[in-house]
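One structure below.
Letters go in sequence order (proteins before strands), and every chain restarts at 1.
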2 protein chains.
Amino acid sequence: MPHRLVPQSVIKRLPIYLRVLDMLVQRDIDVISSKDLSEETGFTAEQIRKDLAYFGAFGTRGTGYHTEFLRDKILKIIGLDRKTKVIVVGAGHLGFAFTRYTITKNPYVNVVAAFDIDSSVVGSKILDLEVLPVSDMEQVVEKEEVKVAIMSVPAEQAQEVANKLIDAGIRAILNFAPVRLDYPEDVYIHNVDLTNELQSLIYYSTTEQEKIGRLSEEQE
Amino acid sequence: MPHRLVPQSVIKRLPIYLRVLDMLVQRDIDVISSKDLSEETGFTAEQIRKDLAYFGAFGTRGTGYHTEFLRDKILKIIGLDRKTKVIVVGAGHLGFAFTRYTITKNPYVNVVAAFDIDSSVVGSKILDLEVLPVSDMEQVVEKEEVKVAIMSVPAEQAQEVANKLIDAGIRAILNFAPVRLDYPEDVYIHNVDLTNELQSLIYYSTTEQEKIGRLSEEQE
DNA sequence: CTGTGTGAAGGAGTTCACAGCG
DNA sequence: CGCTGTGAACTCCTTCACACAG
């Protein structure tokens with residue numbers, strides 16, 4: 001199974017296929033065609049077949065894909081076949097919400113710990129998970145060999161926290177802080193900036209017509 | 001100022017430019033070159049110039065861009081020059097966190113109301129904002145002429161809530177529920193699925209080397 | 001004869017290279 | 001002489017078309 005460079009756009013679609021397949025397995029649907037997967041996901045059937053072809057030939061010609069088999073293949077491809085350990089750094093409102101949601105709704109990951117610097121938050125619980133002081137962070141990451149971190153800390157602290165995480169052995173970070181971080185090439189950081197998402201959404205909340213109207217009201 | 005189709009990738013970068021320009025204005029830096037903007041944002045200088053060129057010629061040759069001027073241009077392009085009204089539907093942990101963050105940190109939008117269906121949440125406060133029952137939603141959207149909504153409701157309720165929002169006049173929705181929604185063409189919906197983000201991140205937490213090793217351990 | 005797997009064509013966006021203005 | 005603005009080349013991804021397996 002060769003593993004050339006897979007486009008990022010393909011990787012972003014895998015979890016979407018995964019969710020649909022999970023749903024189909026639960027509904028006892030054994031087989032699905034790329035055409036039907038297309039309906040469920042909104043992507044074209046050709047694209048789905050091409051995406052899967054990056055990793056092998058998982059379908060049966062004339063029939064389609066076996067849902068459970070394909071689901072397990074995708075789990076293996078992403079690396080979710082063994083519950084992936086993750087930690088959360090920053091147990092503010094967002095970190096709390098994300099942690100709670102992940103624990104209850106994401107069966108493929110294992111939130112091993114949550115950390116915060118604020119002593120008023122440390123010691124509180126997210127479901128059964130106690131929030132630990134950041135001073136324990138490096139030790140836990142090293143001992144549990146955690147490779148993935150979710151970082152929801154204030155922008156000012158993000159770089160420092162990221163450095164610590166990377167030093168301790170973290171390889172991938174989901175960063176909610178609105179800053180561009182410096183990091184070595186062998187680490188992967190994905191930024192989720194909700195303010196940016198909202199602002200680009202707002203761009204699309206006015207039609208082309210309205211934009212032309214507004215922009216021609218130039219008065220400077 | 002012609003307004004042909006601007007690539008989505010360009011629109012996603014505008015808020016990033018905006019944030020950097022805000023920072024520069026605050027530091028009393030009057031002028032910046034595309035090269036220096038490149039350093040700040042991580043995008044190439046050529047790309048930044050091309051992006052801006054979609055909307056006009058805002059720079060001065062031999063000098064660069066006037067920060068405050070460019071900032072105001074981008075605000076106008078996105079549609080943030082008048083505080084954009086938004087509502088939040090679903091005041092669970094995530095909705096609460098997002099609302100709080102937006103009110104305190106995003107000076108360009110105005111959260112006019114938050115709604116929830118759960119009577120134990122209705123009446124509670126997010127900073128000074130009282131959470132209203134969803135039954136008030138349509139009325140507020142129509143009266144205040146809100147065009148943008150943030151939707152952080154359970155997946156099962158998402159389609160129904162979206163339908164109501166669109167009927168009431170909402171034109172753009174930031175959807176945190178992990179479902180693909182049906183909606184008319186003149187509405188814009190942007191999905192933010194944090195579970196997907198985490199899962200594609202996990203793909204990148206193992207190196208190519210490790211993947212090859214793990215995938216060759218096939219035993220079925 | 002249905003639906004996958006895939007080379008080939010097409011399209012979208014990024015990088016290159018440089019003309020042209022301040 | 002520096003840095004913007006932009007056509008042209010290029011790269012990457014998506015769509016098309018079809019060979020081929022079940």
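Rounded to an integer number of Å, the gap from A/Ile48 CD1 to D/dC16 C1' is 16 Å. Rounding to whole angstrom units, OH of residue A/Tyr54 and P of D/dT14 are separated by 8 Å.
Relative to the ring axis of A/Phe43, B/Arg180 places its NZ or CZ within 45° and under 6.0 Å from the centre.
Shown here are the side chain to side chain donor-acceptor pair (under 3.5 Å) partners of B/Tyr188, two or more places apart in sequence or in another chain: B/Gln8. Under the salt bridge (charged side-chain N to carboxylate O under 4.0 Å, His left out) criterion, B/Asp51 pairs with B/Arg13, not counting sequence neighbours. Considering only residues two or more places apart in sequence or on other chains, B/Ala57 meets the side chain to side chain contact (heavy atoms under 4.5 Å, CB included) condition with none of them.
For residues 158-174 of chain B, the set of pairs meeting the side-chain hydrogen bond (donor to acceptor under 3.5 Å, both in side chains) definition, not counting sequence neighbours, comprises A/Glu210-B/Arg171, B/Gln159-B/Asn163.
Looking at B/Tyr108 and B/Asp22, their side chains do bring a donor and an acceptor atom within 3.5 Å of each other.
On the nucleic acid side, DNA chain C contacts chain B at distances under 4.0 Å to non-hydrogen atoms, with the end points of that region at C/dG13 to C/dG22.
At most 12 non-hydrogen atoms from other residues, nucleotides or ligands lie less than 6.0 angstrom from NZ of B/Lys105. Open room surrounds NZ on A/Lys35; 12 or fewer heavy atoms of other groups in view lie less than 6.0 Å from it.
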Between protein and nucleic acid, restricted to nucleotides 4-7 of chain D and to nitrogen or oxygen atoms under 3.5 Å apart, what atom pairs and distances do you find?
unit_1: D/dT4; atom_1: OP1; unit_2: B/Ser34; atom_2: N; d: 2.7
unit_1: D/dT4; atom_1: OP2; unit_2: B/Ser34; atom_2: OG; d: 2.6
unit_1: D/dT4; atom_1: O2; unit_2: B/Arg61; atom_2: NH1; d: 3.3
unit_1: D/dG5; atom_1: OP1; unit_2: B/Phe58; atom_2: N; d: 3.2
unit_1: D/dG5; atom_1: OP1; unit_2: B/Gly59; atom_2: N; d: 2.9
unit_1: D/dG5; atom_1: OP2; unit_2: B/Tyr65; atom_2: OH; d: 2.8
unit_1: D/dG5; atom_1: O4'; unit_2: B/Arg61; atom_2: NH2; d: 3.0
unit_1: D/dG5; atom_1: N7; unit_2: B/Arg49; atom_2: NE; d: 2.7
unit_1: D/dG5; atom_1: O6; unit_2: B/Arg49; atom_2: NH2; d: 2.7
unit_1: D/dG7; atom_1: O6; unit_2: B/Lys50; atom_2: NZ; d: 2.8

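Residue A/Arg13 places no side-chain N or O under 4.0 Å from the OP1 or OP2 atom of D/dC13.
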